[in-house]
*Asks:* 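Could you have a look at this structure, given as structure tokens, before my questions?
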Amino acid sequence: MNIVLLGAPGAGKGTQAEKLIEAYDIAHISTGDILRASVKAGTPLGLEAKSYMDAGELVPDSVVIGLVKERLQEEDAEGGSILDGFPRTAAQAEALSSELEAMGRGIDFAIAVNVDPEVIVGRLCNRRLCKVCGYIGNVDDAVCPLCGGEMFQRDDDNPEVVRNRLDVYEKSTAPLIDYYRGAGILVEVNGELSPNEVFANIQSIIN
Ligand code: AP5
Ligand code: MG
């Protein structure tokens, strides 16, 4: 099963992806996570990506498409994957379809998680993540509730960059909702319910 998770920054894609990989034993492919790991490791890819990410702009298609093609070949993705934050442009969507087709696979569902932009700004400015296990929490988590690790704030989670990420989303990524609707695989969920309610709605669609 291959699922594309669509939704604005802060819609809860990462939160739902974590629940999905646990329930369905499929790979979590988050281009944002891959890029952040490269920035942290100081690789040439990370050095190239950092300025785009800090400004809330998209990293070039050629870079991101190559990353996902490689990631799809990894063993844990054989049984399927959750694509979180990819595709984000029409070119990425076309590349994903061709790549999966070449592998004899397809996209089963494109799930759009819908949240009002004003809710998003608050969520992202309050988000905190665990340095150790990656748990996605918020400012109320003094330490990670799962492993006790130190929590940190992402460099791009400040009001100015969040606004730009939302603009970039509207311009480049939101049109993919119609693209997948046209392909007959779009489903939409209300992302303003609690994380568990959103997940229950996603599960009822998948099962
Ligand atoms: P990426 O890491 O993908 O960031 P994003 O799309 O901006 O999305 P986020 O990770 O910020 O939000 P999310 O939807 O995962 O929400 P989360 O679950 O964490 O990309 C970062 C950057 O990398 C991009 O700007 C770009 O530069 C680059 N990049 C990445 N992919 C790229 C691509 N394909 N092409 C080009 N460039 C690319 O939740 C957010 C907060 O809300 C948390 O605090 C969480 O606890 C809370 N929350 C979640 N669900 C709920 C709920 N239901 N109710 C209340 N609170 C909730
Ligand atoms: Mg995320």
Side-chain angles (χ1 to χ4, degrees), residues 4-21 28-40 45-46 48-69 71 82-96 111-130 134-141 144-146 151-158 160-174 176 189-202:
V4 166
L5 276 181
L6 291 168
K13 302 180 297 295
T15 300
Q16 295 304 321
E18 288 300 330
K19 294 179 185 293
L20 283 160
I21 57 166
H28 182 190
I29 302 184
S30 159
T31 41
D33 286 351
I34 296 170
L35 291 167
R36 276 185 292 279
S38 304
V39 170
K40 196 172 168 196
L45 165 68
E48 184 183 354
K50 187 173 173 15
S51 57
Y52 295 100
M53 298 174 78
D54 284 349
E57 296 291 333
L58 295 182
V59 174
D61 284 340
S62 55
V63 173
V64 183
I65 289 170
L67 282 180
V68 172
K69 282 186 178 176
R71 183 67 184 85
I82 304 291
L83 289 139
D84 161 5
F86 183 94
R88 265 175 145 95
T89 63
Q92 292 180 19
E94 294 290 349
L96 176 63
I111 302 177
V113 182
N114 296 326
V115 177
D116 187 271
E118 282 313 313
V119 174
I120 279 171
V121 178
R123 274 191 193 180
L124 288 184
C125 295
N126 286 329
R127 175 169 57 187
R128 299 292 185 274
L129 301 144
C130 176
Y135 169 77
I136 304 169
N138 61 49
V139 71
D140 297 331
D141 299 307
C144 175
L146 298 186
M151 302 293 283
F152 75 100
Q153 185 170 29
R154 261 170 56 175
D155 290 342
D156 57 350
D157 280 349
N158 64 73
E160 193 187 331
V161 177
V162 167
R163 298 263 176 213
N164 191 44
R165 285 159 62 197
L166 285 169
D167 288 346
V168 169
Y169 171 79
E170 279 307 323
K171 189 166 137 259
S172 303
T173 309
L176 296 183
V189 295
N190 176 1
E192 294 187 28
L193 302 174
S194 73
N196 284 339
E197 286 170 317
V198 178
F199 184 57
N201 289 340
I202 290 176

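Each ligand, and each atom within it, is numbered from 1 in the order the structure gives.
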*Asks:* Measuring from atom 1 (P) of ligand 1, which candidate in R128, R88, Q92, E57 has the nearest non-hydrogen atom?
*Replies:* R88

*Asks:* For atom 23 (O) of ligand 1, find the nearest protein heavy atom and state the residue, atom name and distance (0.1 Å precision).
*Replies:* M53 CE, 3.4 Å

*Asks:* To check you understand the geometry: which heavy-atom pair defines the closest contact between L166 and A8, and what is its length?
*Replies:* CD2-CB, 4.1 Å

*Asks:* N/O to N/O below 3.5 Å, does that happen between G14 and ligand 1?
*Replies:* yes

*Asks:* Charged N to carboxylate O below 4.0 Å: is that the case for R163 and E118?
*Replies:* yes

*Asks:* Assess whether a salt bridge exists between D157 and R165, defined as any Lys/Arg side-chain N lying under 4.0 Å from an Asp/Glu carboxylate O.
*Replies:* yes

*Asks:* Could you pull out the closest heavy-atom pair between A17 and H28, with the gap in Å?
*Replies:* CB-NE2, 3.4 Å

*Asks:* Where is the tightest heavy-atom contact between G10 and L124, given as atom of each residue plus distance?
*Replies:* CA-CD2, 3.5 Å

*Asks:* If we only count N/O pairs under 3.5 Å, is R165 in contact with ligand 1?
*Replies:* yes

*Asks:* Considering non-hydrogen atoms of the protein only, which is the closest contact for atom 43 (C) of ligand 1, and what is the distance?
*Replies:* I136 CG2, 3.6 Å

*Asks:* Using distance alone, decide if ligand 1 has a nitrogen or oxygen within less than 3.5 Å of any nitrogen or oxygen in P87.
*Replies:* no

*Asks:* Which protein non-hydrogen atom lies closest to atom 47 (C) of ligand 1, naming both residue and atom, and how far is it?
*Replies:* R123 CD, 4.1 Å

*Asks:* Closer than 4.0 Å to some heavy atom of G191 - which atoms of ligand 1 meet that?
*Replies:* 53 (N)

*Asks:* N/O to N/O below 3.5 Å, does that happen between G10 and ligand 1?
*Replies:* yes

*Asks:* Looking at S194, which atoms of ligand 1 are within less than 4.0 Å of one of its heavy atoms?
*Replies:* 53 (N)

*Asks:* Does any N or O of ligand 1 fall below 3.5 Å from an N or O anywhere on G137, backbone included?
*Replies:* yes

*Asks:* I'd like to check whether G12 has a polar contact with ligand 1, where a contact means an N/O of the residue lying under 3.5 Å from an N/O of the ligand.
*Replies:* yes

*Asks:* Considering non-hydrogen atoms only, spot the tightest contact between P9 and Y169 and give its length.
*Replies:* CD-CB, 3.8 Å

*Asks:* Checking a contact table here: which protein heavy atom is nearest atom 28 (C) of ligand 1, and how many Å away?
*Replies:* L35 CD1, 3.7 Å

*Asks:* Given R36, R154, K13, E192, which one has a non-hydrogen atom that is nearest to atom 10 (O) of ligand 1?
*Replies:* R154

*Asks:* Between ligand 1 and V198, is the shortest N or O to N or O distance under 3.5 Å?
*Replies:* no

*Asks:* Judged by atom type as modelled, is there a donor-acceptor pair below 3.5 Å linking the side chain of D141 to the main-chain atoms of R128?
*Replies:* no

*Asks:* Can a non-hydrogen atom of L193 be found less than 4.0 Å from any atom of ligand 1?
*Replies:* yes

*Asks:* Inspect the contact between D54 and K50 and indicate whether a charged nitrogen and a carboxylate oxygen are less than 4.0 angstrom apart.
*Replies:* yes

*Asks:* Looking at every heavy atom in both G134 and L129, which two are closest together, and how far apart are they?
*Replies:* O-CD2, 4.3 Å

*Asks:* For atom 37 (N) of ligand 1, which candidate among V59, T15, L166 provides the closest heavy atom?
*Replies:* V59

*Asks:* Can you name the atoms of ligand 1, numbered from 1 with element, that are less than 4.0 Å from a heavy atom of T31?
*Replies:* 30 (C), 31 (N), 32 (C), 33 (C), 34 (N)

*Asks:* Please check whether V64 reaches ligand 1 - meaning an N/O of the residue sits under 3.5 Å from an N/O of the ligand, judged on distance alone.
*Replies:* no

*Asks:* I'd like to know whether L83 forms a side-chain contact (heavy atoms from CB on, under 4.5 Å) with V68, so could you lay out the CA-CA distance, the side-chain angles of the two residues, the decisive distance to 0.1 Å, and finally the verdict.
*Replies:* CA-CA 9 Å; L83 289 139; V68 172; 4.1 Å; yes

*Asks:* To the nearest 0.5 angstrom, please state how far the CZ atom of F199 sits from the CD atom of E18.
*Replies:* 11.0 Å

*Asks:* Side chains of V4 and L96, heavy atoms from C-beta outward: is any pair under 4.5 Å?
*Replies:* yes

*Asks:* Return the residue, atom name and 0.1 Å-rounded distance of the protein heavy atom closest to atom 9 (P) of ligand 1.
*Replies:* R127 NH1, 3.3 Å

